[in-house]
Amino acid sequence: MGLPPGTPELKVLDLLVSVAQTGSLGRAAARHGMSQPAASMRITALERQLRLVLLERGPSGSRLTPAGIAVVDWALPVLDAARALVSGVAALHADQQGRLRIAASMTIADHRVPGWLMALRTRLPEVKVALRVGNSSQVADMVRGREVDLGFVEGPHAPDGLRSRTIAEDELVVVVATGHPWARRRQPLPLRTLAATPLIVREQGSGTRDAVWEILRRSAETTLRPPALDDPAPAVPSAGAPKFSGGAAGRIPAQLQIDAEPAPPAAELGSTTAIKSAVSTGDAPAVLSRLAVSAELDDRRLISVPLEEPALLRRRFRAVWLRETPPVGPAATLLTLAARR
């Protein structure tokens with residue numbers, strides 16, 4: 001329901017209350033930083049709007065009429081409510097300036113966020129930070145749902161519908177138990193062998209899983225790429241031989257081109273800690289952030305397996321936010337600190 005026609009402005013009601021409190025139109029005008037003629041014109045306009053005489057003006061000054069006294073009594077709680085509204089909004093702004101809600105994927109939360117927050121505390125000691133942790137997909141959903149001001153995710157691509165900034169790169173390593181055959185390898189492991197091996201992986205939505213899966217999928221596709229054009233064409237196939245696509249040069253079975261995927265996972269677990277435990281006690285490898293396994297590699301609870309192309313096993317850390325609410329205040333400061341460290 002809208003306000004009724006003829007509702008007066010709060011400022012002129014405040015002026016009328018000042019006349020009642022000071023006992024003078026001139027003193028009320030001075031309180032509001034205006035001339036007495038200007039204040040008189042405002043009160044006259046209010047009287048016309050309300051169709052009431054509010055002030056009795058005379059040579060000795062002005063005083064409220066009975067109608068004016070009644071209007072002042074009604075105006076006082078309205079003005080108090082308006083002041084409470086303005087004060088509450090100011091408090092909200094002050095609270096937001098002193099509060100920062102962030103979310104981070106597990107690897108970033110465990111190994112990067114603590115350092116960022118220490119640096120932020122040095123720069124802005126009054127800011128209170130609330131941190132939520134999930135996988136990269138969950139963090140992106142928190143940002144989209146306005147549950148947090150800023151998110152930090154892993155993975156091969158920025159989440160759909162969000163602005164992003166790359167803040168770091170992360171090295172991924174293949175790890176196995178000390179008794180695994182790969183722990184004694186003298187030659188670097190081909191990516192195609194890794195792609196063909198069932199791995200222990202994170203759950204769907206994990207940035208680590210998405211990054212590893214995309215790298216291994218590309219490796220599987222490369223493995224199945226057609227030979228060069230100058231390769232000799234095969235002889236006429238015998239009955240029952242698989243049909244190949246791509247003409248004489250593309251001697252790749254059609255079904256292999258369609259199924260160029262890494263081997264199915266050996267297991268899907270919900271945390272890096274669980275994966276490390278499973279790898280150390282089992283016979284399946286995993287691909288994890290070097291940040292997450294540095295302690296296990298140092299004391300040789302896990303063994304890092306060298307790859308033929310180690311540079312391929314890298315992924316990006318990104319900050320993400322809503323398009324319409326770019327980072328400002330403490331969020332912008334944290335983003336700057338994260339990109340520097």
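Position 1 is the first residue of the sequence; numbering continues from there.
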- Task: Evaluate side-chain contact (heavy atoms from CB on, under 4.5 Å) for Trp116 paired with Leu335, printing each intermediate quantity in order.
- Result: CA-CA 9 Å; Trp116 299 342; Leu335 179 56; over 6 Å; no
- Query: Would a distance-only check, ignoring hydrogens and angles, find a side-chain to backbone donor-acceptor pair under 3.5 Å from Lys276 to Ala292?
  - Reply: yes
- Item | Shared hydrophobic cluster, Leu322 / Val328 (ILVMFWY, side-chain heavy atoms < 4.5 Å) | no
- Please indicate whether Arg300 has more than 12 foreign heavy atoms, meaning atoms of other residues, nucleotides or ligands, lying under 6.0 Å from its CZ. no
- Can you tell me if Glu268 uses its side chain to pair, donor with acceptor, with the backbone of Val201 under 3.5 Å? no
- Query: Is it true that atom CZ of Arg57 has more than 12 heavy atoms of other residues, nucleotides or ligands lying nearer than 6.0 Å?
  - Reply: yes
- Check whether Val153 and Val129 end up in the same hydrophobic cluster, where Ile, Leu, Val, Met, Phe, Trp and Tyr are linked by side-chain heavy atoms less than 4.5 Å apart. no
- Message: What's the separation between atom OG1 in Thr107 and atom CZ in Phe152, rounded to the nearest 0.5 Å?
- Response: 14.5 Å
- Item | Heavy-atom neighbours of Glu9 CD exceed 12 at 6.0 Å | no
- Is it possible for you to say whether Val12 and Leu10 belong to one hydrophobic cluster, with membership spreading through side-chain heavy-atom contacts below 4.5 Å? yes
- Message: side-chain hydrogen bond (donor to acceptor under 3.5 Å, both in side chains) for Arg31 and Gln21? Distances and angles first, verdict last.
- Response: CA-CA 11 Å; Arg31 175 186 286 186; Gln21 291 172 340; 2.7 Å; yes
Can you give the donor-acceptor pairs under 3.5 Å from side chains of residues 304-318 to other protein atoms, not counting sequence neighbours?
{"unit_1": "Arg314", "atom_1": "NE", "unit_2": "Glu169", "atom_2": "OE1", "d": "3.2"}
{"unit_1": "Arg315", "atom_1": "NE", "unit_2": "Asp170", "atom_2": "OD2", "d": "2.7"}
{"unit_1": "Arg315", "atom_1": "NH1", "unit_2": "Glu154", "atom_2": "OE1", "d": "2.7"}
{"unit_1": "Arg315", "atom_1": "NH1", "unit_2": "Thr208", "atom_2": "OG1", "d": "3.1"}
{"unit_1": "Arg315", "atom_1": "NH2", "unit_2": "Glu154", "atom_2": "OE1", "d": "3.3"}
{"unit_1": "Arg315", "atom_1": "NH2", "unit_2": "Asp170", "atom_2": "OD2", "d": "2.9"}
{"unit_1": "Arg315", "atom_1": "NH2", "unit_2": "Thr208", "atom_2": "OG1", "d": "3.3"}
{"unit_1": "Arg318", "atom_1": "NH1", "unit_2": "Gly155", "atom_2": "O", "d": "3.0"}

- Query: Among the clusters formed by ILVMFWY side chains lying less than 4.5 Å apart, do Leu334 and Met142 turn up in the same one?
  - Reply: no
- Sole residue of Val293, Leu291, Val287 in side-chain contact (heavy atoms from CB on, under 4.5 Å) with Val173: Val293
- Under 4.0 Å between a Lys/Arg side-chain N and an Asp/Glu carboxylate O for Asp80 and Arg83? yes
- Do Glu47 and Leu54 pass the side-chain contact (heavy atoms from CB on, under 4.5 Å) test, and can you show the C-alpha distance, the side-chain angles, and the key distance before you say yes or no? CA-CA 6 Å; Glu47 290 175 322; Leu54 304 175; 3.7 Å; yes
- Query: Just by distance, do the side chain of Ser206 and the backbone of Arg202 share a donor-acceptor pair under 3.5 Å?
  - Reply: no
- Any chance you could lay out the side-chain hydrogen bond (donor to acceptor under 3.5 Å, both in side chains) test for Ser289 and His111, step after step, and finish with the verdict? CA-CA 10 Å; Ser289 168; His111 301 283; over 6 Å; no
- Query: So, the side chain of Ser24 versus the backbone of Gly26: is there a donor-acceptor pair under 3.5 Å, distance only?
  - Reply: yes
- Message: If we check side-chain contact (heavy atoms from CB on, under 4.5 Å) with Leu55, which of these qualifies: Thr65, Ile43, Leu46?
- Response: Ile43
- Message: Quick check against the 3.5 Å criterion: does Thr7 have a side-chain atom that pairs as donor or acceptor with the backbone of Leu3?
- Response: no
- Task: Give a yes or no on whether the backbone of Leu189 and the side-chain of Thr193 come within a donor-acceptor separation of less than 3.5 Å.
- Result: no
- Item | side-chain contact (heavy atoms from CB on, under 4.5 Å) between Ile108 and Val139, intermediate numbers included | CA-CA 11 Å; Ile108 298 175; Val139 170; over 6 Å; no
- Message: Does Asp283 have more than 12 heavy atoms from other residues, nucleotides or ligands lying within 6.0 Å of its CG?
- Response: no
- Message: Using the rule that Ile, Leu, Val, Met, Phe, Trp and Tyr join whenever any side-chain heavy atoms are under 4.5 Å apart, tell me whether Leu297 and Leu288 fall into a single cluster.
- Response: yes
- Is it true that a side-chain atom of Arg132 and a backbone atom of Ile102 form a donor plus acceptor pair closer than 3.5 Å? no
- Check step by step if side-chain contact (heavy atoms from CB on, under 4.5 Å) holds for Leu216 and Leu194. CA-CA 8 Å; Leu216 296 184; Leu194 183 64; 3.7 Å; yes
- Task: Kindly check if the number of other-residue, nucleotide or ligand heavy atoms within 6.0 Å of CZ (Arg301) is above 12?
- Result: yes
- Message: Tell me if the CG atom of Asp160 is crowded by more than 12 foreign heavy atoms within 6.0 Å.
- Response: no
- Under 3.5 Å donor-acceptor, Thr333 side chain and Gly329 backbone: yes
- Message: Please check this pair: side chain of His32 against backbone of Met34, looking for a donor-acceptor N/O pair closer than 3.5 Å.
- Response: no
- Message: Can you tell whether the side chains of Glu214 and Arg209 come within less than 4.0 Å, N to carboxylate O?
- Response: no
- Test item: Arg27 side-chain N/O and Thr22 main-chain N/O as donor-acceptor pair under 3.5 Å: yes
- Over 12 foreign heavy atoms within 6.0 Å of CZ, Arg323: yes
